[in-house]
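Down below is the structure, laid out as structure tokens.
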Amino acid sequence: MTGEAVLRIGELSKRSGVSPELLRAWERRYGLLEPTRSPGGLRLYSPADVERVRLMRQHLERGVAAAEAAGLALQAEAGAPAAASPAALRDDLAAALDRFDEPRAQAILDRLLAFMTVDTVLGEVVLPYLRELGDRWERGEASVAQEHFASGVLRGRLLGLARGWGLGVGPTAVLACLSGEQHDLGLIAFGLVLRSRGWRIVYLGPDAPIETVEEMSRELQPSLVVLHAVAGERVEPVAEQLRAIAGRHRVALGGAAAATGALADDGVLLLSGDVIAEATRVSSLDPR
Amino acid sequence: MTGEAVLRIGELSKRSGVSPELLRAWERRYGLLEPTRSPGGLRLYSPADVERVRLMRQHLERGVAAAEAAGLALQAEAGAPAAASPAALRDDLAAALDRFDEPRAQAILDRLLAFMTVDTVLGEVVLPYLRELGDRWERGEASVAQEHFASGVLRGRLLGLARGWGLGVGPTAVLACLSGEQHDLGLIAFGLVLRSRGWRIVYLGPDAPIETVEEMSRELQPSLVVLHAVAGERVEPVAEQLRAIAGRHRVALGGAAAATGALADDGVLLLSGDVIAEATRVSSLDPR
Amino acid sequence: MTGEAVLRIGELSKRSGVSPELLRAWERRYGLLEPTRSPGGLRLYSPADVERVRLMRQHLERGVAAAEAAGLALQAEAGAPAAASPAALRDDLAAALDRFDEPRAQAILDRLLAFMTVDTVLGEVVLPYLRELGDRWERGEASVAQEHFASGVLRGRLLGLARGWGLGVGPTAVLACLSGEQHDLGLIAFGLVLRSRGWRIVYLGPDAPIETVEEMSRELQPSLVVLHAVAGERVEPVAEQLRAIAGRHRVALGGAAAATGALADDGVLLLSGDVIAEATRVSSLDPR
DNA sequence: ATAGGTTTTGTCAAGCTTTTGTACAT
DNA sequence: ATGTACAAAAGCTTGACAAAACCTAT
């Protein structure tokens, strides 16, 4: 990703005009460079390192002192996430949320949204992060507080993106979490992706009684009803009513519960793939 | 937000022309500066500090006593930051753009978009600002530079919001500025509002030859063709072709040129009201 | 696949300019060559080996040390066609834009930005594509509509990447298209590359009156003023003022107009090479 | 403004290892 | 042709030093 590390210190010195001793000092003192090593222990630098040294020199020339110049040179890279892989960005976001650093998390999200489409941000960063957080939580590596905090920040952000999603001329989808289910981030994400395909969204939120969903569906005659549950056991108690709704509307079931495969035979679409793909699929079905 | 604190006192001294001793004295006596510190205890100043010292000197030169000058310099900054209400934010935005402060403008837009829908931001902030800027320019109160700079920032931002607006299942609208017309911000805004109502947008940009628009319309069979011109004289030369297109598609004409009333009888919709209202109106017309 | 192995070591030595001893050393130490053997045990080399030795020498000349040079020479053969090449992605992008498929184009750009630096995306994909589009347009193979549409999509994307480019402590550059010039994509790209080298950008956009540029330069005292024009005839009318600005600031002229060579003697830097190289050159000049 | 102490940072040195082109003996 | 040897060049680590720039307090 950063290009191959193939330059020894002498060559880097020649290219950058900085003596080898000084380069080593910068590495030791400021962590400006983290060269890989040859089997024998020689430092090997990549083109990205050449660039970083050039930046450092530029700042020095403008009067910024070495320690600060190094900070800037390092930061310049961190601040240009376009150069980093989505995975790296996800890690950044994860780190910020883990230490309850909301402003930083918001800033990362701002940048992400400036660089990529909403679809990609959701599919490559936010949702993978949520999955990972869930895994860590199961393994006891993430605290409840972290999970709450991260959910709060992300929910706020996603709902911000969602503002106005009920407006327009497209087909309508009613979205709701099954009774008892509190995890709605995945559902909101699904709504956003549908929205980006022109749909109108009516969002009933977490823990929606199935009767409410039924009533809304009767009233709005939506083109799609999306139900969502992470826990598989939410489905069983309402299976009967789900079948009934599926008789009158197109119904889809998302979240981990979809993977159990229940209800597939009853005309309920199971959304078990990734959000973007499923939204695209659903979106392109014939209206019913 | 204040920029990074990276300058040591010597560099600040060089840049501001004030001796280090005096800078320390100002800090101690008037609290003019509150530098962060390096791990070793060295003072670190930010670009904002440079500005504050410059202000202080300016006041001193005009004969204001040091204590008062410091007060003024501090106060100048306290006035700017963190307004919360939309109206205040609009003023902030205007102020930031007027003084070519791109980062500040972006931050304000970030906050605006966090609080309001795209529609509202456009209708209440961006478009009124553009109108006001135009007025000030006519009265000679705004420079060409300010107008160019602001357009650049806002265009980037609006096109950023537009990312992905071609996606989906909604009706399609082709958008273009008439030949010779370079002002496309109003058109982009209109496109965004249409988009928020579920439409798909195909955007041809400024200065689009009418033949091109015709060709695209034949090819894509859009539900709507929106043409845009600020200057009224763009309309006359292409009136004939406009009528022809209007015979085959629903055509709307926006921008100040719409107010002239030309073509109204030829089946061309004139969008002379505010963007949101007009987009809503157009959006709810029967398909043709 | 490697062609026939027919060259003895003496002949390979002659053709490659590398002594037989050294060739054997490279074989032993780095496995650079794996010659077949004659019945009598003589090494026999294939044309592919000649090429590999040539590559090795090339890397050595550029300062890469022997062990790493050998690695690169070997890898060039094994890994060349592996990763989705920029060329292929460029073709994808071109195809999507040609058929007015904005969402697809955005998705491709998302992927590009996820795996490459902004510099690389600009230098290897976006700018070559724009050049190619221009060529096709001249040959009548691309329509005006395609050109407009593609410009719009890319402008939005580039300006999105530009968010925050006014922030920081680096030197400042003022960017503007000469009066009458509307093609600003190249200039934005140049600004982005400068940005990635630590500069702060103030962007005045297309069609900027030279007086405006002059005024801004006086006010901001930038380290660099970059002017841009595709059409050569934009330069003549403002040559006098350009010289004047060049007397007070470092001035660079980019775009196809730079290739005409005008003004070179008047202290105006001509940016006629590729964007990345020129930005690097400009960026490393002494402050003035 | 000065005095006396501290931090920062580029440079150098000593002693040892790795790398690599070339040479030599078998 | 092979294998070994060798020596120059380039690197590595540790430690130290001194000039410049800063700090506080008087």
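Naming convention: chains lettered A, B, ... in sequence-line order (proteins, then strands); numbering from 1 in each chain.
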Return all side-chain donor-acceptor pairs below 3.5 angstrom for residues 17-25 of chain A, not counting sequence neighbours, or 'none' if the list is empty.
unit_1, atom_1, unit_2, atom_2, d
S19(A), OG, L22(A), N, 3.2

message = Under 3.5 Å, is there a donor on one side chain and an acceptor on the other for R197(C) and T280(C)?
response = yes

Donor-acceptor pair, side chain of R57(C) and main chain of S16(C), under 3.5 angstrom = yes

note = 5'-most contact on DNA chain D (nearest-nucleotide basis), E21(A) vs A66(A), goes to A66(A)

ask   = 5'-most contact on DNA chain D: L60(A) or A25(C), nearest heavy atom basis?
value = L60(A)

task = State which residues pass side-chain hydrogen bond (donor to acceptor under 3.5 Å, both in side chains) with R62(C); sequence neighbours excluded, sorted by chain then number.
result = none

task = Could you tell me whether the side chain of S13(B) and the main chain of I9(B) form a donor-acceptor pair under 3.5 Å?
result = no

Heavy-atom closest contact (S272(C) atom, E278(C) atom, distance) = N-OE2, 3.0 Å

message = If the helix axis at each end comes from five base pairs, how far does the helix from dA1(D)-dT26(E) to dT26(D)-dA1(E) deviate from straight, to 10°?
response = 20°

inquiry  = Can you tell me which residue among V213(C), V174(C), V225(C) is in a side chain to side chain contact (heavy atoms under 4.5 Å, CB included) with H249(C)?
reply    = V225(C)

task = Give a yes or no on whether the backbone of L32(B) and the side-chain of R52(B) come within a donor-acceptor separation of less than 3.5 Å.
result = yes

message = Under a 3.5 Å distance rule, please check whether E102(B) uses its side chain to pair with a backbone N or O of G166(C) as donor and acceptor.
response = yes

inquiry  = Could you check whether atom CD of E34(B) has more than 12 heavy atoms from other residues, nucleotides or ligands sitting under 6.0 Å from it?
reply    = no

Give each protein N/O atom lying under 3.5 Å from an N/O atom of nucleotides 16-18 of chain E, with the pair distance.
none

Show each protein N/O and nucleotides 19-23 of chain E N/O combination with a separation under 3.5 Å, one pair to a line.
unit_1, atom_1, unit_2, atom_2, d
dC22(E), OP1, G10(B), N, 2.9
dC23(E), OP1, R43(B), N, 2.7
dC23(E), OP1, R43(B), NE, 3.2
dC23(E), OP2, R24(B), NH1, 2.3

task = Quick one: do W26(A) and L33(A) satisfy side chain to side chain contact (heavy atoms under 4.5 Å, CB included)? Show the steps, please.
result = CA-CA 7 Å; W26(A) 285 352; L33(A) 301 163; 5.6 Å; no

inquiry  = Students should find this one: the first and last nucleotides of DNA chain D, 5' to 3', lying under 4.0 Å from a heavy atom of chain C. What are they?
reply    = dT20(D) to dT22(D)

task = Scan side-chain atoms only and decide if W199(C) and T172(C) contain a donor-acceptor pair under the 3.5 Å cut-off.
result = no

inquiry  = Atom CZ of residue position R281(C) - does it have more than 12 heavy atoms of other residues, nucleotides or ligands inside 6.0 Å?
reply    = yes

